[in-house]
Amino acid sequence: EPVAGSLGNQVARPIAVLLQNQTVVSNGFVTLLPRRMELFTFPPQDYSLLGTNQWMNLLTVHELRHVVQLDLARNGIGKWLYALLGNNGPALLNTLFVPDWFMEGDAVLTETLMTPGGRGYIPQFDLPLRAQLLSRGAFSYPKAVGGSFKHNVANHYTLGYFLTSYLNKSYGADRWGGILEQTYRKPLAPFPFSNQIRKATGLKVEQLYAKTMDDIGGQWEQSAAGETLTAAEVFPVNRQKVFTNYEYPQILPDGRLVALRSGLGDIATLVSWESDRTAEIRLHTTGYFYPSGMLSAGGNRLVWAERRLDARWGLRDYSVIMCLDLNSGKTRQLTQRTRVVAPAIAPDGLRIAAVSQTTALEEHLIIIDAGSGEELAVVPGGGGHLLQPRWSEDGRKIAIVKQLENSKSILIYDTETQGWSTALPQCGENIAHPVWWGEYLLFNQVAGGKDQIGALHLPSGRRYTVTNRPLGAYNPSVATGGDRLYFNEFTVDGHRISKMTLQPEQWISFTASEAAVIPYCEPL
């Protein structure tokens with residue numbers, strides 16, 4: 001009932017729920033063919049999706065909103081179609097007349113209102129739209145809905161979240177229920193959904209889009225005005241004709257820089273640059289690159305995770321560890337039929353730490369041999385969700401993010417004493433991607449409404465903000481014994497690699513108030 005409230009539909013009919021625990025995909029869906037909800041129980045490593053939420057709570061709220069939306073289709077003509085065609089009738093109405101941006105945007109709005117860490121609280125969620133509005137202005141409505149093969153157009157989740165939020169804030173939180181119900185009742189009128197928006201607000205859907213873009217664009221321009229940015233050198237790349245990302249920078253012992261290139265014109269590909277930066281060299285085109293949010297280099301090896309499909313069952317698949325030997329150029333699959341994600345290799349290149357989860361949803365930190373793939377240790381996670389481990393520079397300790405209910409912390413596991421300690425206590429911040437630098441841990445944190453790189457001084461517990469880049473900074477990396485910080489930051493043309501010198505005396509002290517994110521839907 002709470003999920004249904006703002007659409008005026010108190011759901012009474014039960015619905016079949018299938019929990020899919022054999023897949024490493026983090027997703028879910030609701031369908032009427034036949035009517036059911038499927039929830040994929042494997043929690044994501046992607047902190048731009050998960051936030052601070054417990055995965056199944058977030059997923060359930062989001063998918064239940066779809067149940068409410070679809071139940072409204074059994075009104076008016078939908079009632080007669082249901083009697084004639086069963087659930088095929090309401091499904092047909094929804095497919096033909098209700099745009100994807102409403103279905104998903106309304107569900108994202110609901111998850112943001114009803115959980116402490118929905119996507120409306122996550123700066124990375126609106127990056128494509130923010131970059132576009134601040135640099136080139138809004139796309140036309142048809143392009144915003146239809147997408148592009150050249151430019152990065154915000155997906156229907158992001159677009160829909162802002163459109164549904166703006167209408168609710170400006171015209172009343174109950175308007176969408178009437179718009180959706182009347183669309184289903186009178187689907188034979190020309191453009192029924194757009195027509196109902198005009199009746200409820202006096203705006204054509206294109207005008208609603210324009211007003212929304214003006215409103216959020218103005219807010220973002222105001223917050224960006226007068227900002228003091230930290231200096232950083234953006235790494236030059238080959239000129240790209242379409243949107244292209246360079247992410248997860250890693251520095252090799254010989255000084256080469258490695259990153260993952262992907263985008264509208266690229267399958268995920270590992271590339272490197274020599275120290276003189278004169279040429280971009282393709283190292284390896286990966287398989288299905290698993291979204292662990294990281295790449296890891298150590299010794300002369302690179303490791304990452306890939307998804308593997310089951311030969312028989314469509315809803316059983318695996319995540320395996322891949323290793324590229326940079327000396328020989330050969331790639332090996334180290335694990336078989338596993339559920340292992342977020343691999344991180346030790347600085348000497350001999351051991352790999354990763355997160356493993358059983359089909360009973362028990363998580364472990366595992367350590368395997370980087371040469372043979374043999375499992376060396378299995379460390380129980382003690383409940384909660386583990387994310388993105390990283391080795392210390394001496395190869396003795398592992399830093400890892402732990403999510404427990406609606407908060408996150410950074411823990412340290414000592415491989416010699418086999419004991420745990422807490423580096424950063426549980427907090428309601430969407431932190432991620434810790435890496436070591438001397439007495440510091442560098443990691444992603446929210447500061448000033450954007451994702452930036454922060455630092456934790458381990459002896460004192462003091463926290464700092466290291467970067468203030470225009471649209472945020474992600475995935476810090478430092479060469480062992482070095483003082484150059486590499487990271488990727490978002491631009492309208494894609495993520496680019498940047499670097500800066502680490503100078504702790506210039507860092508800004510971090511306060512908890514800086515981590516607060518006021519979502520666009522906050523008045524609701």
Side-chain angles (χ1 to χ4, degrees), residues 3-9 11 28-32 37 61-78 90-114 118-120 125-126 128-129 138-147 153-187 189-213 215-216 519-521 524:
V3 174
S6 61
L7 287 182
N9 181 21
V11 178
F29 65 88
V30 173
T31 181
L32 295 179
M37 177 197 301
V61 170
H62 184 98
E63 301 304 335
L64 275 175
R65 186 64 167 190
H66 290 321
V67 175
V68 176
Q69 295 164 345
L70 292 170
D71 265 23
L72 281 173
R74 291 183 63 187
N75 288 301
I77 290 179
L92 181 66
L93 286 180
N94 177 263
T95 301
L96 290 178
F97 301 117
V98 181
D100 287 345
W101 65 253
F102 171 77
M103 297 294 290
E104 296 298 351
D106 178 61
V108 171
L109 171 59
T110 302
E111 79 184 43
T112 303
L113 295 175
M114 300 193 66
R119 275 169 280 187
F125 175 67
D126 60 46
L129 188 57
F139 292 122
S140 67
Y141 177 72
K143 185 169 183 176
V145 173
V153 178
N155 64 31
H156 51 291
Y157 291 82
T158 303
L159 174 65
Y161 165 72
F162 285 105
L163 289 178
T164 54
S165 297
Y166 178 80
L167 189 145
N168 276 341
K169 292 195 301 180
S170 302
Y171 299 95
D174 59 347
R175 290 299 179 97
W176 279 118
I179 291 170
L180 188 60
E181 183 178 358
Q182 289 303 310
T183 297
Y184 289 137
R185 283 185 179 276
K186 304 173 182 178
F191 307 106
F193 189 79
S194 301
N195 192 41
Q196 293 302 326
I197 289 177
R198 183 182 58 79
K199 287 183 177 180
T201 66
L203 301 174
K204 296 179 180 179
V205 68
E206 293 88 353
Q207 293 172 320
L208 173 66
Y209 169 74
K211 283 183 172 291
T212 304
M213 296 302 103
D215 187 49
I216 59 175
Y520 183 68
C521 65
L524 301 173

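Note that these values count all heavy atoms, side chains included, but never hydrogens, waters or copies made by symmetry.
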Contacts of Val205 meeting side chain to side chain contact (heavy atoms under 4.5 Å, CB included) (sequence neighbours excluded), chain-then-number -> Trp101, Tyr141, Ser194, Ile197

Taking Phe102 as the fixed residue, which of Phe193, Phe162, Phe97 is the one that meets the ring pair (Phe, Tyr, Trp, His ring centres under 6.0 Å) rule?
-> Phe193

Heavy atoms of Pro519 and Thr112 approach each other most closely as CB-CG2, 4.2 Å

Output every pair passing salt bridge (Lys or Arg N to Asp or Glu O under 4.0 Å) with a member in residues 93-112, not counting sequence neighbours, ordered by first then second residue.
-> Arg65-Asp106, Glu111-Arg119

Name all residues meeting the side chain to side chain contact (heavy atoms under 4.5 Å, CB included) criterion together with Leu92; count only those two or more places apart in sequence or in a different chain, and write none if there are none.
-> Leu96

Are side-chain heavy atoms of Pro192 and Lys186 found at a separation under 4.5 Å?
-> no

Can you run down the side-chain hydrogen bond (donor to acceptor under 3.5 Å, both in side chains) pairs that involve residues 158-178, sequence neighbours left out, and say none if there aren't any?
-> Asn155-Thr158

List in chain and number order the residues that pass salt bridge (charged side-chain N to carboxylate O under 4.0 Å, His left out) with Arg185, two or more places apart in sequence or in another chain; answer none if no residue qualifies.
-> Glu181

Which residues share a side-chain hydrogen bond (donor to acceptor under 3.5 Å, both in side chains) with Tyr157, sequence neighbours left out | none

Would you call Val61 and Thr110 a side-chain contact if the rule is heavy atoms closer than 4.5 Å?
-> yes

Exercise: identify the closest heavy-atom pair between Leu109 and Cys521 | CD1-CB, 3.4 Å

Set of residues satisfying ring pair (Phe, Tyr, Trp, His ring centres under 6.0 Å) with respect to His156, sequence neighbours excluded = none

In terms of heavy-atom contacts, does CZ of Phe191 have more than 12 from other residues, nucleotides or ligands at under 6.0 Å?
-> no

What pair of heavy atoms forms the shortest contact from Leu159 to Met213, and how long is it?
-> CD1-CE, 4.4 Å

For Leu32 and Pro90, work out which heavy atoms get closest and say how close.
-> CD1-CB, 3.8 Å

Do Tyr520 and Asp126 come within less than 4.5 Å of each other through their side chains, counting heavy atoms only?
-> no

Please list, chain by chain and in numerical order, all residues satisfying side-chain hydrogen bond (donor to acceptor under 3.5 Å, both in side chains) with Asn94, sequence neighbours excluded.
-> Tyr184

When rounded to the nearest 0.5 angstrom, what distance separates CG in Asn75 from OG1 in Thr183?
-> 11.5 Å

Would a 4.5 Å heavy-atom cut-off, applied to side chains only, mark Leu70 and Met103 as touching?
-> yes

Of all heavy-atom pairs between Pro187 and Ile77, which one has the smallest distance, and what is that distance?
-> CD-CD1, 3.6 Å

Quick one: does Thr201's side chain get under 4.5 Å of Leu167's, heavy atoms only?
-> yes

Closest approach of Ala173 to Leu524 (non-hydrogen atoms, all atoms of both residues) | CB-CD2, 4.4 Å

Non-neighbouring partners of Lys204 that pass side-chain hydrogen bond (donor to acceptor under 3.5 Å, both in side chains), sequence neighbours left out = none

Could you tell me which residues satisfy salt bridge (charged side-chain N to carboxylate O under 4.0 Å, His left out) with Glu63, sequence neighbours excluded, listed by chain and number?
-> none

